[in-house]
Amino acid sequence: MRTGKIKNRLWTAFVLIMAVGLFTGCGQPDEEETVAETDPSATDVSAADSATAIYINGTLLELEEEGELDLDLLSVENGITVTVAPCEDSEIQINGEATEGEIFLDVDSITREDTIEIEIADEDETRAYTVNLMPSTFGDFTTEGESATEGDYYLSTYDEDINYIFKLDSQGNLIFYKKTGENALDFRKQYNSDGEVRYTYLLYLENSFCGISGINPGCIVVMDETYEVIDEIYYQTPEGEERMIDPHGFIYIDDGHYILASYVDEVVEAVPDDLEAVDGSAYLAVLYMEEIQDGEILWEFCSADYPEFLSATTEVDWSESTSECYDYMHFNSMYIDNDENLLVSLRNCNSIIKLSRGDGSLVWILGGSEDEFGLTEDQIFSKQHSIIVTDDGSYMLFNNADDEVANGEAEVSSVIRLRVDEETMQVTEYEKTDTEFYSNYMGSIRELDSENGIYLYAVGGNWTGTVPEWSMIEYSTAGEKLFTFRFDEGSRLLYCANKCE
C-alpha cells in the first residue's frame, strides 16, 4: 500500500485552486525564482521582485495571455485568499480595487456568474484576466425541490473528457468541485476512528482491464478535511506486490483499513463438464477481494475457487471460452451486513453473495441461476447494482432489470427491498418500486431517513443514448419527489449518488 503524494495522473499535492501563471512585463524570474514562487512559504510575497506574482490560496497563477481561466478545485467552506506581490512599476486590481498584499474573498455558492476580475497595469500595457469560479467545462445543471434530509450530495461526472467530483447542498447549490481528469466514482465523506473527516473516491487509471469494457483499473484517493490528498490505495497481494483496484466500490473502515477488489486474467481449468468449455477451461477475469489493515491482509477471496460462479455467469460463450478474456463476475458494489460479513453484488451472475470476513469464504448466493433462497419468478432481479442494508436489516438494491426488459416482463428499472431468513434460507419480505427510466447499466440506491421512508437513487445510463428526465432523485415511500438533479445537456451520467453529513 502506498502512502503519500499521488501519481501524476492524480493530484501531486493539495491545491485549492489550480495553478495558472502570470508574469507581467516587469521581467521574467530566473529558474531559482520560479521554483521559490510556487511555494509561498519559500517566498516573501510582501516584497516586490523583478516580476509580479499573484497567488490564489497559496498557488501561483501562471498565464501568458489575457483571457478567461478555469479553476481545478474550489470549496465555499474555505473561501479564496488572493495574495499579490507587484513589481515596482505595476498596479494590480482585484475586482476593481487596487490590491497589494493579501485579501480574502467569501464564497457563498459557485455559479456561472461568479468570477474574480484581475487587471494588471504597468508602464507598457494593461492586461485583464477573468477567473471563473465555476469552470467552463463543468456542465450546467438543473435541480428542483429541496431535500428533506440533512447533509450534502456527493456526486461525480461520468464518461466525460474532463471529469469532476462535486458537492451540492440541500438547496442544490454547487459548494465544492475538484477536477479529476479521468472518471471518479463513489465520492463520499467518511470519518476515521478518531472522528477526523476523510473524503474518498475511486479513480480510473486505465481505460480497461484486458480490453474488457466496464472494467477500468484504478486506485482509491483519500483526502483529509481540507481536501489535501493524503493517500492512494492499491490492492496488495500476499506476495507483497501491488496492483490496481477495480473502481466499482470499496469500503473504508479506518485509515489503513479497507476492503478492496481487483482482477487477474487467468485460465481457469476444470470447468464443469455440462458447460462444454473448450478443452474444459476458460480465460476469465478472476475476481479477488481482500480486507487489509495496516498492511496486513486479514482474508482474501478468489472467485476461481468456486465453480458455481461458472454456472451462474451470463457472459461467457462456452464454445469459445478461451478466445478472449471474459468478465464473468463483474463486481459492482459491496456493503457490510449487520452480522459484519460482506455483501457483494455480481452483475454478470445476477447475484448478491455473502462472504465471511473471518476467512473470505463464500457463505451464500442470492439470485441468479445458483440462488439458494428460492426466489420466485416475480422476485428475480438482473444486472443489479448497489446492494445496501437498511436500518431495519432489509436488503435494498438497484435492479437494472436487463433480463426482465429483454423478456418483455418490465419496461423500467426498479428498486427492490427484501428481507431474508438465513436460517430457513427463505425470502420473508419483498417489495419493488419502479423507477421512471430503464437504466441498463450503473445506478444506485441509498437510505437517507428510515423513520420517514426517504431514499436517494441515481438513475444510471442507457446504451441507446436515451436521456432520463432526472439523473438523481430523492424520494419518499409515499411517492413524493423531494429533490431532483440533472445535467442540462443530458450527456453526463451519474454512476452513483451519496448524501453525507
Original post:
Is it true that the side chains of Tyr252 and Asp255 contain a donor and an acceptor less than 3.5 Å apart?
Top reply: yes
**OP:** Can you see which heavy atom on Ser193 is nearest to which on Asp254, and at what distance?
**Re:** OG-OD2, 2.6 Å
Original post:
When rounded to the nearest 0.5 angstrom, what is the spacing between CD1 in Ile162 and OG1 in Thr137?
Top reply: 4.0 Å
**OP:** Nearest 0.5 Å please: distance from the CZ atom of Phe301 over to the CD atom of Glu290.
**Re:** 13.0 Å
Subject >> Arg198/Asp231 ion pair, N-O < 4.0 Å >> reply: no
Subject >> Smallest separation among heavy atoms of Cys302 and Val286, with atom names >> reply: SG-CG1, 3.7 Å
Original post:
Considering only heavy atoms from C-beta outward, does the side chain of Tyr455 approach that of Leu448 to under 4.5 Å?
Top reply: no
Original post:
When you measure from the side chain of Asn350 to the backbone N and O of Lys383, does any donor-acceptor pair fall under 3.5 Å?
Top reply: yes
Original post:
Is it the case that Glu241 and Tyr234 place a side-chain donor and acceptor less than 3.5 Å from each other?
Top reply: no
Original post:
Taking Ser75 for the side chain and Tyr177 for the main chain, is one N or O donor matched with an acceptor at less than 3.5 Å?
Top reply: no
**OP:** Would you check if there is a donor-acceptor pair between the side chains of Tyr328 and Ser303 at a distance under 3.5 Å?
**Re:** yes
Original post:
Taking the six-membered ring of Tyr263, is NZ or CZ of Arg243 closer than 6.0 Å to its centre and within 45° of its axis?
Top reply: no
**OP:** Compare every heavy atom of Tyr55 with every heavy atom of Ala53, then report the nearest pair and how far apart it is.
**Re:** CB-CE1, 3.9 Å
Original post:
Would you find a donor on one side and an acceptor on the other, under 3.5 Å apart, between the side chain of Ser439 and the backbone of Val459?
Top reply: yes
Original post:
Could you state the interatomic distance from CD1 (Ile352) to OG (Ser333), rounded to the nearest 0.5 Å?
Top reply: 6.0 Å
Original post:
Distance only, no hydrogens: is a donor on one side chain within 3.5 Å (strictly under) of an acceptor on the other, for Asn183 and Asp159?
Top reply: no
Subject >> side-chain contact (heavy atoms from CB on, under 4.5 Å) involving Asp106 - partner list, sequence neighbours excluded >> reply: Phe104
**OP:** Show your reasoning for whether side-chain contact (heavy atoms from CB on, under 4.5 Å) applies to Val415 and Met396.
**Re:** CA-CA 7 Å; Val415 172; Met396 289 188 78; 3.4 Å; yes
**OP:** Assess the pair Phe483 and Tyr153: is the distance between their ring centroids shorter than 6.0 Å?
**Re:** yes
Subject >> side chain to side chain donor-acceptor pair (under 3.5 Å) partner of Arg347, chosen from Asp402, Asn332, Asp327 >> reply: Asp402
Original post:
Between the main-chain N or O of Ile416 and the side-chain N or O of Ser414, is there a donor-acceptor pair closer than 3.5 Å?
Top reply: no
**OP:** Could you pull out the closest heavy-atom pair between Ser386 and Ile445, with the gap in Å?
**Re:** OG-N, 3.0 Å
Original post:
Between the side chains of Asp246 and Ser262, does any donor sit under 3.5 Å from an acceptor?
Top reply: no
Subject >> Side chain Asn192, main chain Glu196, donor-acceptor under 3.5 Å >> reply: yes
**OP:** Flag the pair Asp186 and Arg188 as a salt bridge only when some basic side-chain nitrogen lies within less than 4.0 angstrom of an acidic carboxylate oxygen.
**Re:** yes
**OP:** Could you tell me the separation between the CE atom of Met134 and the CG atom of Leu174, rounded to the nearest 0.5 Å?
**Re:** 6.0 Å
Subject >> Donor-acceptor side-chain pairing of Lys178 and Tyr201 below 3.5 angstrom >> reply: yes
**OP:** Would you confirm whether the ring centroid of Trp364 sits within less than 6.0 angstrom of the ring centroid of Phe373?
**Re:** yes
Original post:
How about Asp421: does its CG atom have over 12 heavy atoms from other parts shown lying under 6.0 Å from it?
Top reply: yes
Subject >> Asn400 side chain vs Met442 backbone, donor-acceptor pair below 3.5 Å >> reply: yes
Subject >> is_close_aromatic(His248, His385), centroid dist under 6.0 Å >> reply: no
Original post:
Any donor and acceptor pair, going by atom type alone, linking the side chain of Asn452 with main-chain N or O of Ile454 inside 3.5 Å?
Top reply: no
Subject >> Modelled atom types, side-chain donor and acceptor of Arg417 and Ser394, under 3.5 Å >> reply: yes
**OP:** May I have the step-by-step check of side-chain contact (heavy atoms from CB on, under 4.5 Å) for Asp294 and His257, ending in yes or no?
**Re:** CA-CA 6 Å; Asp294 299 327; His257 190 180; 5.9 Å; no
Original post:
Would you say the side-chain atoms of Ser156 pair up with the backbone N or O of Ala184, donor to acceptor, closer than 3.5 Å?
Top reply: yes
Original post:
Under 6.0 Å between the ring centres of Phe381 and Tyr430?
Top reply: no
Original post:
Can you find a side-chain donor-acceptor pair between Glu242 and Gln236 that sits under 3.5 Å?
Top reply: no
Subject >> CA sep, side-chain torsions, deciding dist, call: Lys189, Tyr154, side-chain contact (heavy atoms from CB on, under 4.5 Å) >> reply: CA-CA 8 Å; Lys189 182 180 183 180; Tyr154 285 68; 3.3 Å; yes
Original post:
Are the side chain of Thr142 and the backbone N or O of Asp488 linked by a donor-acceptor pair below 3.5 Å?
Top reply: no
Original post:
Do Ile116 and Leu105 pass the side-chain contact (heavy atoms from CB on, under 4.5 Å) test, and can you show the C-alpha distance, the side-chain angles, and the key distance before you say yes or no?
Top reply: CA-CA 9 Å; Ile116 299 175; Leu105 305 175; 3.9 Å; yes
Original post:
Is it true that atom CD of Gln293 has more than 12 heavy atoms of other residues, nucleotides or ligands lying nearer than 6.0 Å?
Top reply: yes
Original post:
What about Phe141 and Phe485, are their ring centers closer than 6.0 Å?
Top reply: yes
Original post:
Is the closest side-chain donor-acceptor distance between Glu315 and Thr313 under 3.5 Å?
Top reply: no
**OP:** Answer yes or no: is there an ion pair linking Lys499 with Glu150, defined by an N-O contact shorter than 4.0 Å?
**Re:** no
**OP:** Verify, without hydrogens or angle tests, whether Asn498 (side chain) and Phe187 (backbone) share a donor-acceptor contact under 3.5 angstrom.
**Re:** yes
**OP:** Would you kindly say whether Glu144 and Thr484 are connected by a side-chain donor-acceptor distance under 3.5 Å?
**Re:** no
Subject >> OG-CD1 distance between Ser351 and Ile365, expressed to the nearest 0.5 angstrom >> reply: 6.0 Å
Original post:
What are the two closest heavy atoms between Leu133 and Leu74, and how far apart are they?
Top reply: O-CD2, 3.6 Å
Original post:
For residues Glu160 and Tyr158, is any side-chain donor paired with an opposing acceptor at under 3.5 Å?
Top reply: no
Subject >> Closest non-hydrogen atom pair between Pro135 and Tyr164, with its separation >> reply: CB-OH, 3.3 Å
Original post:
Between Lys167 and Asp169, does a salt bridge (charged side-chain N to carboxylate O under 4.0 Å, His left out) hold up when you go through it step by step?
Top reply: CA-CA 7 Å; Lys167 291 164 58 175; Asp169 66 17; over 6 Å; no
Original post:
For the residue pair Tyr227 and Tyr199, is the inter-centroid distance of their aromatic rings smaller than 6.0 Å?
Top reply: yes
Subject >> Spatial distance of atom CD1 (Ile251) from atom OG1 (Thr200) [nearest 0.5 Å] >> reply: 11.5 Å
Original post:
Between the side chains of Asp70 and Ser136, is a donor N or O closer than 3.5 angstrom to an acceptor N or O?
Top reply: yes
**OP:** State plainly whether the residues Glu436 and Lys481 are in salt-bridge range, i.e. N to O under 4.0 Å.
**Re:** yes
Original post:
Which pairs count as salt bridge (Lys or Arg N to Asp or Glu O under 4.0 Å) when at least one residue sits in residues 332-342, sequence neighbours excluded?
Top reply: Asp337-Lys354, Asp339-Lys354, Glu340-Arg357
**OP:** Establish, from distance only, whether the side-chain atoms of Asp391 and Ser450 form a donor-acceptor pair under 3.5 Å.
**Re:** yes
